[in-house]
S.K.: 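The structure follows.
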Amino acid sequence: MKEANKDSTMNLQLQAIPSLQELLLQSIQQDSGIDNRYLKLILNRTIQKYRDLIQAGKYNREVSRESLTQSILNEVQAQIKQLQSFRLKRVINGSGIILHTNLGRAPLAEPARHHLQEVLENYCNLEIDLDSGKRGDRHQLVEEVICLITGAESALVVNNNAAAVLLVLNSLCRQKEVPVSRGELVEIGGSFRMPEVMKAGQVKMIEVGTTNKTHLQDYAEVLSAKTGGILKVHTSNYRVLGFTQSVSIEDLAGLSRQYQVPLIYDMGCGVLENLEQWGFAYEPVAREYLKAGVNVMTFSADKVLGGPQAGIIIGQEEYLRKIKKNHLLRALRCDKLTYAALEATLKIYLQPEELREKLPVAQMMTVSLVELRGWGAELMVALKELPLQMDLTETYSQMGSGALPLEKIPSLALRIVPSSLTVNRLAKNLRLSEPAVIGYIENERYYLNLRTIRKDEISLLVKVIRKIFSK
Ligand SMILES: *Cc1c(COP(=O)(O)O)cnc(C)c1O
């Protein structure tokens, strides 16, 4: 009896679902804002969803035709609204992590944004040599400036550093053995794992040494006529501390010369200027590695360098020539957007004293606590009418993206405890705001780390937070 009852309710519910035609007519009257072809598809999949819900016995609201019609139309409207808004959107970064891979790493400098717009709205000479009028080479667009800044003989840009490593290994060491220290078999961001990249590059990885100690002798023992190159990898996102030893670039360079194979270095984070001038620990710059004997080096353009996503390969002409001939390059090359943004970013490096003013990453690395305190005070004053407790607390920032992993940058956070909603709700409402705001929760308190928020974002942040409490 009970089962039969349930079945009949279900049938009634199913019969109450309006037809596609009915819904379509009503939607069109409401001016849905998208073409009928897509409207039909969305209506159909929503009708199907309700059918499934009912058949699974999970629809237990009132079952009138009107109520179902209204529910479906509301849901379709919500879907269309979502479709029309951008999925990729601006975020105010309150995480304190300067190069957050999930937040798009480096925000671009104003000259990069400006140059991007100029190049994108118009045609450009991506592959035309304006001097001769003949076919040009996109790879030459930034080569000279990179060589000047790094002291390299030759340079090449590809999609990202993972692509750069892949291309270098495949071009120079294909079907050959490549020794690499067990202490340097890094995984970065889950998808870049050195052993896998080496496999994809069709080289045979020869692990040498141990996790904490690798000696020159360990490399020397495996070198032979089958060796295609020696790989060294910057242990970007971790450090092996304590009883450790790794082999210096100079020593490895000696070995590589002896066996006439290239010493390849995956530098990772792309430091081009001495960071000590900004109060950071010493980190060798690209130029120094080349001087020490690295033949070919790769790094990301969107880490400490502060540019768009790209991978930069620098080194000696003879090796770069080989790399540029690899057919894989076609699949890994960058588009005009990347070149426009990268070229403008690199030009800032021609006058390094301007980096702190012009490069957002450099700004965030160097903004003083005094200044952050000023911004914090401004926020507290602007938000003081709202139902929340606030204070400013000293904390730390990180570079992120595996760059300078031991560097804890002193920072300041606005700490918020809302009294009219939960901390989780506040975090979610801020994530769903326009622009989205990303902070973090610790001990039931919401933190906005000010180092990664720009001065000109403070008033916007105030607006966003006020709006949440005005609902
Ligand atoms: C970040 C990093 C990579 C990956 O670079 P992407 O630009 O993200 O592809 C590879 N190697 C090292 C050492 C890195 O630090």
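Whatever order the structure lists them in is the order used to number ligands and atoms, beginning at 1. Index from 1, following the sequence.
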S.K.: Going by the atom numbers of ligand 1, which of them fall below 4.0 Å from some non-hydrogen atom of A162?
M.R.: 5 (O), 6 (P), 9 (O)

S.K.: Out of N161, T298, V165, indicate the one that has the non-hydrogen atom closest to atom 10 (C) of ligand 1.
M.R.: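 It is N161 whose heavy atom sits nearest to atom 10 (C) of ligand 1.
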
S.K.: Is it the side chain (CB and beyond), the backbone, both or neither of K303 that lies under 4.0 Å from ligand 1, heavy atoms counted?
M.R.: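 The side chain, only.
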
S.K.: Taking the side chain as C-beta and beyond, is there a heavy-atom pair between R451 and L372 under 4.5 Å?
M.R.: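 Yes, side chains in contact.
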
S.K.: By number and element, which atoms of ligand 1 are closer than 4.0 Å to a non-hydrogen atom of F192?
M.R.: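 Within the 4.0 Å cut-off of F192, ligand 1 contributes 10 (C), 11 (N).
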
S.K.: Is K322 salt-bridged to E318, going by a charged N under 4.0 Å from an acidic O?
M.R.: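 A salt bridge is absent here (no side-chain N lies under 4.0 Å from a carboxylate O).
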
S.K.: Tell me whether E378 is salt-bridged to R373, with the criterion being a basic N under 4.0 Å from an acidic carboxylate O.
M.R.: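 Looking at R373 together with E378, the answer is no, because their closest N to O distance does not fall below 4.0 Å.
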
S.K.: Under 4.0 Å between a Lys/Arg side-chain N and an Asp/Glu carboxylate O for K49 and E75?
M.R.: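 Looking at E75 together with K49, the answer is yes, because their closest N to O distance falls below 4.0 Å.
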
S.K.: For ligand 1 and H234, I'd like to know whether there is a polar contact (N/O to N/O, distance under 3.5 Å).
M.R.: no

S.K.: One thing to verify: whether R415 and D391 come together as a salt bridge, which I'm taking to mean a side-chain N less than 4.0 angstrom from a carboxylate O.
M.R.: yes

S.K.: May I ask you to list the atoms of ligand 1 that are less than 4.0 angstrom from any heavy atom of D266?
M.R.: 10 (C), 11 (N), 12 (C), 13 (C)

S.K.: May I ask you to check whether R45 and Q79 show a side-chain donor-acceptor distance below 3.5 Å?
M.R.: yes

S.K.: How does E184 reach ligand 1, by side chain, by backbone, by both or by neither, if only non-hydrogen atoms under 4.0 Å count?
M.R.: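 Near ligand 1, E184 shows nothing, with every heavy atom at 4.0 Å or more.
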
S.K.: Below 4.0 angstrom from a heavy atom of R105, which ligand 1 atoms are there? Numbered from 1 as shown, please.
M.R.: 6 (P), 7 (O), 8 (O)

